[in-house]
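As structure tokens, the structure follows; a few thoughts come after it.
Quick caveat, the model's predicted, so the values are computed rather than measured. Numbers restart at 1 for each chain; the letters A, B, ... are given by sequence-line order, proteins then strands.
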Amino acid sequence: MSFELPALPVTDALADLSAALQKHDRVILQAPTGAGKTTLVPLYLLQQNPEGKILMLEPRRIAASSAAIRMAELLNEPVGKTVGYRMQLENRTSRDTRIEVVTEGVLTRMIQEDPELQGISILIFDEFHERSLQADIGLALTLQSQEHYREEPLKLLIMSATLQADELGKALNAPVVISEGFSYPVAINYLSRPLQDRSFHNICREVSSTVIKALHEEPGSMLVFLPGAGEIRQVQTLLEERVQTDNVDLRPLSGELSLAQQRAAIQPAKPGRRKVVLATNIAETSLTIEGIRIVVDSGLTRRAVYDPGMGMTRLETRRLSISSADQRKGRAGRLEEGVCYRLWTESEHQRLEHHETAEIAEADLAPLALELCSWGCSDSSELFWLTPPNSGRYQEALGLLEQLEATARTSSGSLQITAQGLQMAALGTHPRIAHMLLKASERGYLRTGCQLAAILSERDLLSSGKERSANIHHRLNLFDNSSNPKNDKSSLFRARQLVKRWESRLKAKAAPPVEPNSETAGRLLIAAYPDRIAQRRGTTSHYLLRSGQGVELSPEDPLASEEYLVIPALGGASHHRNARVFMACAIDKAIIYDECLADIQEHQETRWDSKAGRVIAAQQDRLGALVLEHQKIPDPDPDTIKRALLDGIRQKGIQCLPWDRESLQLRERLVFLNRFNDRLDDLLPASDEASLLDTMEAWLMPYLDGMTKLEHLKKLSLREALLSRLSWPQQQLLDREAPERWQAPSGSNIRVDYSKPDEPKVSLRLQELFGLLETPVIAFHQQPLTIEMLSPAQRPVQITRDLASFWKNTYQEVKKDLKGRYPKHYWPDDPYSATATHRVRPKV
DNA sequence: CTCTCCCT
């Protein structure tokens, strides 16, 4: 085959590349974007090797088709002849096709059907540095094909734009051919001080100020990189307030915009005007924007991260890697010298990651697991990985496949794909959705199932706006309404094609069609997302998922009047906000019972309700955290009620019991006497608060008959309950060794204060003690009482544990003092022989 | 401030 190839930067490397491929089965080509590798390499290899067929992988559909179109142009042929392309819903190849450009997922389907990849002599991975999950799976399977299935050699060429090529070459034991590219120099402006605050609003403010500064400092049009559509809207608002727009056009650019809007952003600025494009990552790889010489980079990017705990993928905003920042910067140097403003400092730059995390490290692994099981290799460690899948999360993914009946254990315990699992893999959609498609087909609802699958696997068919409801039926209706497919938005057009494709695949084995009703969608969605059933909390727009996680519907959404939802599309929760519901379907409780019967647990519960301050006895039907049915139990078991009441007392603390002076003293006496346990044959029960709480079943429960509320406890006799634990001899011992009262020489019965267990104390007037020579001793003659002496007016004047010493050393002084203040009272000189009295003077 | 991009 002879044709002329144009000269591009990569041309110089082509001969080396061809030589390397002669000698080795695996070769790496490192060439920057724009070097011409995507068009020249396949054509050159075809020239050198006119016999074989070349397969080239592209990460995006638009890249695959445009690469094929450009190559066909160089050959002066229509697409589909020597050069063709193939992707999910489009095949433009023929028997003559020698270079076939395919999207990455197509290779996975091809190799699963034919592990030998018959007829292919060279396989090229383009843009491998992007490290998409599909590319990693494709490489793992291809390496096995090379080693185990092929008789003829399969040549593998991996093209990458970054220096990671070196590591790649080592890992694959492959030579690296390097090609220099060409671009104009781009000057970089870093911040002089780091940003303290990278919150949504502050980032938007900083970006806007930088845009205004750059418009003053530099001529030409500008590309601004922001993490998402929210930031784009906000920056646009800020700029519209602050920029004189007489010669500046603001152009938002993100994946959610229509093709026309995207085109407006891509096209060069009109003569005499400047363009400011506010873009997401879409402008980093997928779209090239004309005429840019200034780049402003927020330094943030949004990435999908699978959250195994929630079983869902959410978005995370994070710092950019160095190679992505360089890629963004390069957008300013395509046509002339440019300038790039970075919203971070040069020293922060040194600390950034070198490359973005490979998708396989963070993605939902269920699709990967299904591919590997379908490949016959459920053990991922048997394959080669540049980044091995996390084993815990891979095991979880295998668990999901088993639930979805895609795999089953053989009698020997090993994991094997089922016939259904093979069908699921061939459908080319997420295993959850594939499972729903099979269920729909079995039940006669194939059409509705396919429509739901298309809705869930593509971007939202309804454009954003205030009136957009989460109700999935509004999307389903789109399939009926517009009778003329030409009027469809491109997303709806694609969705219809997917429906057609899945329908034709599944039709043969499907049950006879049944007319769908209002329940159908909900039932089918439960098949895909049984864990996303949610129940409304009170009368709010807040819902509770089965997992216990809270989620929130827009309060204006009419769907918020529904008590039960199944929620297939859900936004991520952040620390200050609940997860938001993007798409949901109302379901009847009866449907939940019908579809999830095996998971619903009947729960008899008698428990303490701390809010109501009472015991509640109820029977519940529960689905995870959801309570579907709740009924009072008419005759709950008395013992269970009492136990629940004890739970309440434990929660409130022992103070909630009706302690009076007597019962409190009894408790304190017991605690006091516990100190002398080593003298007891028959130990007294421990009576400190913790022990009492621990043993309430034994001492308190028998006294709780008929009680259900805290108030009822007032009727309790704690003294009786506490004493019930003591035998008769123990009660006598208690009265003897820790008496309630002590009789003073005056004849008064003084209450002993045991509130400090280390020093039981009596308080009485000094005159009541006359004639008592020694300190009284209790508790097996071990514990002297502390004596607090009071004035005639009951004020403490002295405290002692040694009465003899008091009389001898201190009495005379105290007497003098008291005599001055209470002259009418009896203050004898000799306290030893004086008569104790509780009156002003002793009776004579 | 209702989600980055993309794929079978």
Problem set entry | Residue closer to the 5' end of DNA chain B, Arg501(A) versus Ser469(A) (nearest nucleotide) | Ser469(A)
For this session: Assign Pro227(A) to base, sugar-phosphate, or nothing according to its heavy-atom contacts below 4.0 angstrom with the strands shown.
Result: sugar-phosphate
For this session: Could you tell me whether Ser457(A) contacts a base, only the sugar-phosphate backbone, or nothing, with contacts defined as non-hydrogen atoms closer than 4.0 Å?
Result: base
For this session: Pick base, sugar-phosphate or nothing for Gly428(A), based on heavy-atom distances below 4.0 Å to the nucleic acid.
Result: base
Problem set entry | Interatomic distance, Arg205(A) CZ vs dC1(B) P [rounded to whole Å] | 14 Å
For this session: Quick one: label Arg61(A) by what it contacts on the DNA or RNA (base, sugar-phosphate, nothing), any heavy atom closer than 4.0 Å.
Result: sugar-phosphate
For this session: State whether the distance check finds a donor on one side and an acceptor on the other, under 3.5 Å, for side chain Arg109(A) versus base dT8(B).
Result: yes
Problem set entry | Salt bridge Asp531(A)-Arg432(A), side-chain N to carboxylate O under 4.0 Å | yes
Exercise. Is any side-chain N of the basic residue among Arg459(A) and Glu256(A) closer than 4.0 Å to the acidic one's carboxylate O?
Worked result: no
For this session: Using a 4.0 Å heavy-atom cut-off across all strands, classify Ile282(A) as base, sugar-phosphate, or nothing.
Result: sugar-phosphate
Exercise. Would Arg109(A) and Glu371(A) pass as an ion pair if we require N to O under 4.0 Å?
Worked result: yes
Exercise. What is the distance, rounded to the nearest whole Å, between atom CD1 of Ile137(A) and atom C1' of dT8(B)?
Worked result: 10 Å
For this session: Among the candidates dC5(B), dT4(B), dT2(B), find the nucleotide nearest to the side-chain atoms of Arg580(A).
Result: dT2(B)
Problem set entry | Lys/Arg N to Asp/Glu carboxylate O, Glu405(A) vs Lys439(A), below 4.0 Å | yes
Problem set entry | Gap between atoms CG and C1', on Asp307(A) and dC3(B) respectively (whole Å) | 16 Å
Exercise. Choosing from dC1(B), dT4(B), dC6(B), which nucleotide comes nearest the side chain of Asn281(A)?
Worked result: dT4(B)
For this session: Could you tell me the separation between the CZ atom of Arg459(A) and the C1' atom of dT2(B), rounded to a whole number of Å?
Result: 13 Å
Exercise. Counting any heavy atom closer than 4.0 Å, what does Thr103(A) reach on the DNA or RNA strands: base, sugar-phosphate only, or nothing?
Worked result: sugar-phosphate
For this session: Determine, stepwise, if the pair Leu57(A) / Phe128(A) fulfils side-chain contact (heavy atoms from CB on, under 4.5 Å).
Result: CA-CA 9 Å; Leu57(A) 272 47; Phe128(A) 190 77; over 6 Å; no
For this session: Name the closest nucleotide to the Thr280(A) side chain, picking from dC5(B), dC1(B), dT8(B).
Result: dC5(B)
Exercise. Picking from dC6(B), dC3(B), dC5(B), which would you name as closest to the side chain of Phe582(A)?
Worked result: dC3(B)
For this session: Measure from CD on Gln327(A) to P on dC5(B) and round the result to the nearest Å.
Result: 16 Å
Seminar exercise, completed: Picking from dC5(B), dC3(B), dT2(B), the nucleotide nearest the side-chain atoms of Ser554(A) would be dT2(B)
For this session: Check every atom of dT8(B), dT4(B), dC7(B) against the side chain of Leu315(A) and return the nucleotide holding the closest atom.
Result: dT4(B)
Exercise. Nearest-Å distance, CZ (Phe200(A)) to C1' (dT4(B))?
Worked result: 15 Å
Exercise. Atom CZ of Phe128(A) to atom P of dC6(B): distance rounded to whole Å?
Worked result: 20 Å
Exercise. For DNA chain B, whose closest nucleotide is more 5', that of Gln234(A) or that of Gly230(A)?
Worked result: Gln234(A)
For this session: Nearest whole angstrom, please: distance from the C1' of dC7(B) to the CD of Gln134(A).
Result: 5 Å
For this session: Check every strand shown and say whether Ala470(A) touches a base, only sugar-phosphate, or nothing at a heavy-atom separation below 4.0 Å.
Result: nothing
Exercise. Can we say Glu353(A) and Arg303(A) salt-bridge, meaning some charged N sits less than 4.0 Å from an Asp/Glu carboxylate O?
Worked result: no
Exercise. So what does Gly571(A) touch, heavy atoms closer than 4.0 Å: a base, only the sugar-phosphate, or nothing?
Worked result: nothing
